[in-house]
Amino acid sequence: MARSVTLMVTALLVRFGSAVAQQAGSDLAYEPELPPDLNSPHGSLWPLPQNVQISPELYRLSEVQFRIVHSPQSTASVGCSILDNAFRRYFNYIFSSSAKTDQRGSGINGASSRSTEELRQLQVTITATDPECNQHPRISSNEAYEISVMQPVAILKSESVWGALRGLETFSQLVYEDEYNTHLVNKTEIVDAPRFAHRGVLLDTSRHYLPVKVILETLEAMSFNKFNVFHWHIVDDPSFPYQSITFPKLSAQGAYHPVTHIYTLTDVQIIIEYARERGIRVIPEFDTPGHTQSWKGQNNLLTPCYNGEKLSGMFGPINPVLNTTYDFVNQLIKEISWVFPDAYIHLGGDEVNFECWKSNPSITQFMQKQGFGSDYRKLESFYIQNVLDIVTANLKGYMVWQEVFDNAAKIKPDTIVEVWMASNMKAELSKVTLAGFTTILAAPWYLDYIKYGQDWQKYYQVEPLNFNGTAAQKKLVIGGEACLWGEYVDATNLASRLWPRASAVSERLWSSEETKDLNDAYKRLSKHRCRMVRRGIPAEPLFVGYCDYEYKG
Ligand SMILES: *[C@@H]1O[C@H](CO)[C@@H](O)[C@H](O)[C@H]1NC(C)=O
Ligand SMILES: *[C@@H]1O[C@H](CO)[C@@H](O)[C@H](O)[C@H]1NC(C)=O
Ligand SMILES: *[C@@H]1O[C@H](CO)[C@@H](O)[C@H](O)[C@H]1NC(C)=O
């Protein structure tokens, strides 16, 4: 959101260009010495688990012997495809094939391989009667897990598959290679669970179209960082790439290209399933009544603007005074509720420009009839209220941007209010939670803003609960989102702009409040970033240095 703010700040940067960059560089607290010592007592773990004990005792893993298996006590077994697939995936990450094609070391005859015991298995135990193999992750899913790495078998234990997915990622991060390419793991005990339940990444597929493959790669990288929500800002002013079954004209006329730049039902279902397999919820955002210029494929939906007495030929936000508007919204919401299985839909509701509504005589008339005076926020709330009732009737919960709350629409008690305005963020968090609403924080994490230097530190140092409120109020903050708005982002630069900067957000939302040592974070994040590179994600560097396995494209 905050597109108007973006323009202002951009203008500033253009004008004061190098001075701003200079200053941005100098206010960074920590610039590591060269060459940096990258040895953290927590290895390369990211985000840092809540409780970790790593001992100096080492075990070796061999690609030929090692197996990830269901334990005999587990309530899940072979056929729980979400786990079977994850076992395969993580086996491959651990014994990544890029190692073999690289010109380093001599393989199996390393010194450490002779002197250490071998770890033969990782046994995974699910304890709940229903392991949830075929379900979708929910806001209430239990992601807690425990790992015990001890010779001859390591144990991973969780209530449901969701904790096991997080634990598999952690286990894969414990394994490393020595200089002879021997795979090693330290004796380790971990007890872990996320601090916040909602840990999201927002992608914007309206300002630029993102190919399905890029979205899948992002979901994969999200799972390396234990993110669990993909907030899909799927449509907006510039384009409408969602191919609706009920209203195919929306993408036929609103997408950048009606065939090549759309998401079909199959595309959407592939994305949802790929996300599910990684414990990630997909929450679509259909932002209205503003941000809808691309919805022009639906006749009589947008408000015709006037220039004095005459139609100007321009269109404004969705027309809130026509009954047909709500018939349309009802049918669209019905479809979206079916296509997207998550319990929540994001309804937007931000930055509505009232100028066009003000120019339109039938809207003026309606305002008078309703007794709204000249307060167009009341008209906006009237529209939002109708939409909220429609969504409720379709048995979905909703998320909204903060303006919906600010403008006093009557929202359901389980509404999630997303706070995005950075200037008054703390006051807003106090207000929203005082009113008893659940909230998530996006304001400090607009990753589309870039500047010289290590800006991950700024994202990392945010403390979401640092606002005035009671313990009960703070409980209502259930997480946050790293937002990558799409003005200057498409498939060419998405991954390197998002990673590892979003990783800073992932640790803030997963790890304990006390996890805030920038020095230790730098060491682990440098390695985590190289691990993402090794797994095929072109994550950008933090600072001067190198990776054992550089990105090869
Ligand atoms: C793992 O064990 C090795 C060998 O004892 C030790 O040097 C290293 O510090 C340990 N790693 C961690 C993260 O404690
Ligand atoms: C719109 O619906 C309301 C409520 O059902 C009704 O009172 C009103 O007459 C309708 N308006 C038009 C223009 O059909
Ligand atoms: C909390 O309220 C006090 C007193 O009104 C104020 O001084 C302080 O700055 C506030 N803290 C935050 C984090 O907003």
Side-chain angles (χ1 to χ4, degrees), residues 1 136-141 196-200 202 228-234 281-292 317-318 320 325-352 370 372 375 377-421 428-443 464 469-470 472-481:
M1 300 297 95
H136 287 270
R138 300 180 306 269
I139 183 76
S140 57
S141 294
F196 292 105
H198 184 118
R199 305 180 308 280
L202 177 150
N228 67 356
V229 176
F230 169 32
H231 174 166
W232 192 353
H233 189 84
I234 190 166
R281 301 161 57 206
V282 178
I283 300 180
E285 179 181 351
F286 285 82
D287 190 359
T288 67
H291 289 279
T292 48
I318 284 181
T325 290
Y326 302 104
D327 297 337
F328 163 80
V329 171
N330 187 27
Q331 288 185 68
L332 184 66
I333 295 287
K334 223 179 217 97
E335 173 183 322
I336 295 165
S337 304
W338 172 75
V339 172
F340 294 90
D342 198 81
Y344 283 84
I345 300 174
H346 201 304
L347 298 172
D350 62 309
E351 295 182 316
V352 182
Q370 296 284 330
F372 289 165
D375 188 351
R377 288 184 315 171
K378 288 189 175 149
L379 180 61
E380 180 185 348
S381 291
F382 169 87
Y383 167 83
I384 296 272
Q385 201 63 64
N386 279 306
V387 174
L388 298 184
D389 292 346
I390 288 169
V391 175
T392 304
N394 282 283
L395 305 178
K396 288 281 185 178
Y398 41 79
M399 298 176 56
V400 290
W401 295 107
Q402 71 180 73
E403 287 97 317
V404 173
F405 167 82
D406 295 342
N407 294 344
K410 218 165 87 249
I411 49 183
K412 275 195 305 181
D414 64 345
T415 303
I416 296 175
V417 178
E418 183 157 16
V419 172
W420 68 268
M421 292 186 187
E428 184 76 6
L429 286 173
S430 291
K431 265 199 296 189
V432 172
T433 55
L434 188 64
F437 291 106
T438 305
T439 182
I440 62 170
L441 193 57
T470 61
Q473 274 175 273
K474 303 213 167 169
K475 264 204 148 128
L476 291 169
V477 180
I478 58 162
E481 294 186 339

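Sequence positions, counted from 1, serve as the residue numbers for this chain. These numbers were taken from a predicted model, which means no experiment stands behind them.
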Practice task
Quick one: closest heavy-atom pair of A409 and S381, and the distance?
Solution key: N-OG, 4.0 Å

Handout entry: side chain to side chain contact (heavy atoms under 4.5 Å, CB included) between D342 and H136, worked out
Key = CA-CA 8 Å; D342 198 81; H136 287 270; over 6 Å; no

Practice task
In sequence, state the C-alpha distance, the side-chain angles, and the governing distance for I478 and T439, and then conclude on side chain to side chain contact (heavy atoms under 4.5 Å, CB included).
Solution key: CA-CA 6 Å; I478 58 162; T439 182; over 6 Å; no

Practice task
Can you see which heavy atom on P317 is nearest to which on T292, and at what distance?
Solution key: CA-OG1, 4.0 Å

Handout entry: side chain to side chain contact (heavy atoms under 4.5 Å, CB included) against A435, all qualifying residues, sequence neighbours excluded
Key = F405, F437

Exercise for the section: Report the residues that fulfil side chain to side chain donor-acceptor pair (under 3.5 Å) with N407, sequence neighbours left out, ordered by chain and then residue number. Expected result: E380

Practice task
Could you tell me the separation between the CD1 atom of I390 and the CD atom of Q385, rounded to the nearest 0.5 Å?
Solution key: 11.0 Å

Fill in the blank from the handout: When every non-hydrogen atom of G349 is compared with those of D287, the smallest separation belongs to N-OD1, 2.9 Å

Practice task
Could you list the residues that satisfy salt bridge (Lys or Arg N to Asp or Glu O under 4.0 Å) with D406, not counting sequence neighbours?
Solution key: none

Exercise for the section: Taking N228 for its side chain and A197 for its backbone only, find out whether a donor-acceptor pair lies under 3.5 Å. Expected result: yes

Handout entry: F340: ring-ring contact (aromatic ring centres under 6.0 Å, His included) partners, not counting sequence neighbours
Key = none

Problem - Q402 side chain to M421 backbone, donor-acceptor under 3.5 Å - result: yes

Handout entry: Nearest heavy-atom neighbours spanning G348 and V404
Key = O-CG2, 3.8 Å

Practice task
Check whether any side-chain N or O of E351 sits under 3.5 Å from a backbone N or O of H291 as a donor-acceptor pair, and report yes or no.
Solution key: no

Exercise for the section: Quick one: list whatever passes side chain to side chain contact (heavy atoms under 4.5 Å, CB included) with Q370, sequence neighbours left out. Expected result: F366, F372, F382

Exercise for the section: Could you pull out all residues at least two apart from R138 that satisfy side chain to side chain contact (heavy atoms under 4.5 Å, CB included)? Expected result: E132, Q135, S140, S141

Handout entry: Chi angles and distances behind the side chain to side chain contact (heavy atoms under 4.5 Å, CB included) call for L388, L347
Key = CA-CA 8 Å; L388 298 184; L347 298 172; 3.5 Å; yes

Problem - side chain to side chain donor-acceptor pair (under 3.5 Å) partners for T433, two or more places apart - result: Q473

Practice task
Return yes if some donor-acceptor pair links the side-chain N/O of S337 with the main-chain N/O of I333 below 3.5 Å, else return no.
Solution key: yes

Handout entry: Those residues that, when tested against K396, pass salt bridge (Lys or Arg N to Asp or Glu O under 4.0 Å) (two or more places apart)
Key = none

Exercise for the section: Starting at CD1 of I384, measure out to CG of L379 and round the result to the nearest 0.5 Å. Expected result: 10.5 Å

Handout entry: Check: E481 side chain, L441 main-chain N or O, donor-acceptor pair, under 3.5 Å
Key = no

Problem - Set of side chain to side chain contact (heavy atoms under 4.5 Å, CB included) partners for H346, sequence neighbours left out - result: H231, I283, E285, M399, W401, E418

Handout entry: Main-chain N/O of P320 paired to Y326 side chain as donor or acceptor, under 3.5 Å
Key = yes

Practice task
Check the pair L429 / K474 against side chain to side chain contact (heavy atoms under 4.5 Å, CB included), numbers first and verdict last.
Solution key: CA-CA 9 Å; L429 286 173; K474 303 213 167 169; over 6 Å; no

Fill in the blank from the handout: Heavy-atom nearest pair, I411 first then T415, reads CB-OG1, 3.5 Å

Fill in the blank from the handout: Residues passing the salt bridge (Lys or Arg N to Asp or Glu O under 4.0 Å) test with E428, sequence neighbours excluded, are K431

Problem - Neighbour count above 12 (heavy atom, 6.0 Å) for K475 NZ - result: no

Practice task
Apply ring-ring contact (aromatic ring centres under 6.0 Å, His included) to Y398 and list each qualifying residue two or more places apart in sequence or on a separate chain.
Solution key: none

Completion exercise
Taken in chain and number order and not counting sequence neighbours, the residues that satisfy side chain to side chain donor-acceptor pair (under 3.5 Å) with Y383 are T288

Handout entry: Any side-chain heavy-atom pair of N394 and N330 under 4.5 Å
Key = yes

